[in-house]
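What follows is a set of notes on a single structure, which appears directly below.
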There are 4 protein chains.
Amino acid sequence: MDAGLPRRSDQIFDAALTLLAEGGYQRLTVEGIAERSGVHKTTLYRWWPSKDALLGRALVESRLLDVEMPDTGTLRGDLEHLVGSAVRLLTAPATAPVIAAVLAGAGEHPALAGHARAFFADRLGRERAVVDRAVARGELPPDVDAMLLFDLLGGAVWVRVLLRRLPPDPDTPARVVRAVLHGLSA
Amino acid sequence: MDAGLPRRSDQIFDAALTLLAEGGYQRLTVEGIAERSGVHKTTLYRWWPSKDALLGRALVESRLLDVEMPDTGTLRGDLEHLVGSAVRLLTAPATAPVIAAVLAGAGEHPALAGHARAFFADRLGRERAVVDRAVARGELPPDVDAMLLFDLLGGAVWVRVLLRRLPPDPDTPARVVRAVLHGLSA
Amino acid sequence: MDAGLPRRSDQIFDAALTLLAEGGYQRLTVEGIAERSGVHKTTLYRWWPSKDALLGRALVESRLLDVEMPDTGTLRGDLEHLVGSAVRLLTAPATAPVIAAVLAGAGEHPALAGHARAFFADRLGRERAVVDRAVARGELPPDVDAMLLFDLLGGAVWVRVLLRRLPPDPDTPARVVRAVLHGLSA
Amino acid sequence: MDAGLPRRSDQIFDAALTLLAEGGYQRLTVEGIAERSGVHKTTLYRWWPSKDALLGRALVESRLLDVEMPDTGTLRGDLEHLVGSAVRLLTAPATAPVIAAVLAGAGEHPALAGHARAFFADRLGRERAVVDRAVARGELPPDVDAMLLFDLLGGAVWVRVLLRRLPPDPDTPARVVRAVLHGLSA
DNA sequence: TCGTAAGCGAGACGGTACGTCCCGTCTTGAA
DNA sequence: TTCAAGACGGGACGTACCGTCTCGCTTACGA
């Protein structure tokens, strides 16, 4: 896809994500990555200008945060699937610490924030297919604001899991989807 | 609330928040706070175990993140007001970096995360009054899930402002509130 | 005499000079000094801006290169004594490597060169006493150029020992002194 | 003299000596020579085991340090000429840093030291002609110690120029030669 | 009122990580 | 097959903060 990567880029990315998940962004150090991946620190700086650049690339290269787009035949089914995926991403031991760390770091590190933004943009692009099918089926009006739809869904999951730290609840996807589709007013 | 604070705690808190706003969490250093507040580094460590603890306390002490609860007479009005406040909090130069920094730190420092959680819980408690009035006016069903309501609103704002970094848009509050009240389905 | 020195300056200076004698200027590293002296590298940089500054100070502080000024009663005796001292300084296992390293380094490091210069100036000042006594005894004309005298003596020793690497010869002092006092012409 | 030299050895030697004169031994780097001479670093290491070996060879190849042997008809004239040459060699912008660098390197690198020693030996060999003529003219006794003669002259110049860093003085050659020929005693 | 203890300024220190420079070796691909 | 290009492991550099520590001064309170 794009040009050069160091020979042992796999070990490097693995090391970066593992350390990130283990100790958070704070304890993710270039020297740690070097040691863990068996590569010299100098080599890391040869390829990436900073820890963040390396991490961003590692996130893209690993398919860790990829979400499969559902096609259940109904909008409700697709959305519940997506919400479930989001909850899983935010809670599974393999992914939760990575996401938490990236988004924690994004606050301070513009580079990380950029990566996060690109991630969301890409995801939204793929989510639009779900919306398009729903519009074709007449489940959503043709002028529906797809971004708002996913922001409501994703934002709620986000707040509940990461900020409120609510315990997992199997009903959450259904309730959130229902609220977004039909509203909460009397 | 709890006991001791050093003599010049005001200067210290000011210094901390100012530096935070100026340079982000990254450039908020204990030595910087010490220098800026005319207090010795040792003194800071005497009173707070870490930078984050100091910062957490500074946030509580300053009323920077306080939000006034609206009472416009209609649910829609109250909610739009709250969404507007949230957007402002997340974008105003004085508060945005502070929030970003807190959430950055929260990922790594349980103490800060606790502060953040408490902040959300407290806010929700005060927001319930808005919901109660709406229920009394028949604008919301009595069994409405108030937390979900505010999570949808807040989460969408959150995602759009912090993760997607959308440019400010005066229509956002109205559109988000309408979507949450009436749903997006056809 | 002059102000601050770190607590363990003795160990530091010892470490510096030992490493210098052992491995030459090349292998004299700040990290090596730190390790050897049980002091942290940061501490060294707190007190001296560079390796050279530290080394210069170490040379002054240790009295390694001090030479006792003779007073044998005759000029010839005094000078032979001084030449012998110089030869010894340039050949003794404890001092030769240090001098070699300093003067090797002086070529590239102005700071070291400055220290060397100061050393020679100081030495010359003390050597003048020998000349003054000789003048008083009538062994030297009152307008004798003391610096030239010692430069001839010292320079010859220098060239023979360090540049020509001649093997030690017990007659050298006498021959050099005689040549300088009476000349070589027919 | 000895076998192989890389194709662009001229550029390489030029680059080495230029960089040496420009920035001193310190800033003479293999990578710098490679870049400057348009040759790859690997090539340099193929032909010379070290920076110093390369430098030594470059010095021999360039005739930079050659000194023409005078024949003025008098010993005093010849010697003053030689002393003047030495002073010039040690102070001229083109040669001074080279000499300083060689002697810096000589302390640590036997190869360079060998070059230096050979240089002095060769020089002395050619200087003997001056002495022989003077003996023939009766200006020096037949058993004069030629090496000592030149060591006194050269050493004094050495000390004054390199160690004491005395400012240039047109009288120096005459005074030094007179002292060496006739002595300093009353 | 006076001593004793807490608060504080001052700053040396060990320590971790940073990002950089250059060294000398090793690998690879094209001529 | 040779040799350019250059990636790599490695060592040291000098810097920024961290959090700990010891030392005295001063301020205030309680006996």
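Source: prediction; values computed, not measured. Lettering follows sequence order; numbering is per chain, from 1.
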>> Please classify the nucleic acid contact of W47(A) as base, sugar-phosphate, or nothing, using heavy-atom distances under 4.0 Å.
In response: sugar-phosphate

> What's the verdict on side-chain contact (heavy atoms from CB on, under 4.5 Å) for T42(B) and W47(B), showing C-alpha distance, side-chain angles and the deciding distance?
Replying inline: CA-CA 9 Å; T42(B) 320; W47(B) 289 95; over 6 Å; no

> When you measure from the side chain of R117(D) to the backbone N and O of L163(C), does any donor-acceptor pair fall under 3.5 Å?
Replying inline: no

> Please give, in whole Å, the distance from dC13(E) C1' to W48(C) CH2?
Replying inline: 13 Å

> How far does CG of L59(D) sit from CG of D52(D), to the nearest 0.5 angstrom?
Replying inline: 10.5 Å

> Is it true that K51(B) and E31(B) make a salt bridge, defined as a side-chain N closer than 4.0 Å to a carboxylate O?
Replying inline: no

>> Output one letter per nucleotide in nucleotides 21-31 of chain E: B when a protein non-hydrogen atom lies under 4.0 Å from the base, S when only the sugar-phosphate is that close, - when neither is.
In response: BBBBBB-----

>> Would you say CD of E35(B) has more than 12 non-hydrogen atoms from neighbouring residues, nucleotides or ligands within 6.0 angstrom?
In response: no

> Which part of the nucleic acid, if any, lies within reach of G38(D) when heavy atoms closer than 4.0 Å are counted: base, sugar-phosphate only, or nothing?
Replying inline: nothing

>> I need the L19(D) CG to S37(D) OG distance, nearest 0.5 Å.
In response: 9.0 Å

> How close or far is atom C1' of dA17(E) from atom CG of L54(A), stated in whole angstroms?
Replying inline: 15 Å

> About how many Å separate CG of L17(C) and CD of E61(C), when rounded to the nearest 0.5 Å?
Replying inline: 10.5 Å

> Once you round it to whole Å, what is the distance between P of dT16(E) and CD1 of I33(A)?
Replying inline: 18 Å

> Rounding to a whole Å, what distance do you find between L44(B):CG and dG7(E):C1'?
Replying inline: 13 Å

>> If the cut-off is 4.0 Å, is T43(A) near the phosphate of dG9(F), judged by side-chain N/O to OP1 or OP2?
In response: yes

> Does L54(D) offer a backbone N or O that forms a donor-acceptor pair with the side chain of R57(D) under 3.5 Å?
Replying inline: no

> What is the distance from CD of E35(A) to P of dG11(F), rounded to the nearest Å?
Replying inline: 14 Å

> What heavy-atom pair brings L89(A) and L65(A) nearest, and what distance separates the two atoms?
Replying inline: CD2-O, 4.0 Å

> Taking OP1 and OP2 of dG9(F), is either one under 4.0 Å from a side-chain nitrogen or oxygen of R8(A)?
Replying inline: yes

> Using rotation axes that map the C1' atoms of four end pairs onto the next four (five pairs an end), what angle separates the end axes of the helix from dT1(E)-dA31(F) to dA31(E)-dT1(F), to 10°?
Replying inline: 10°

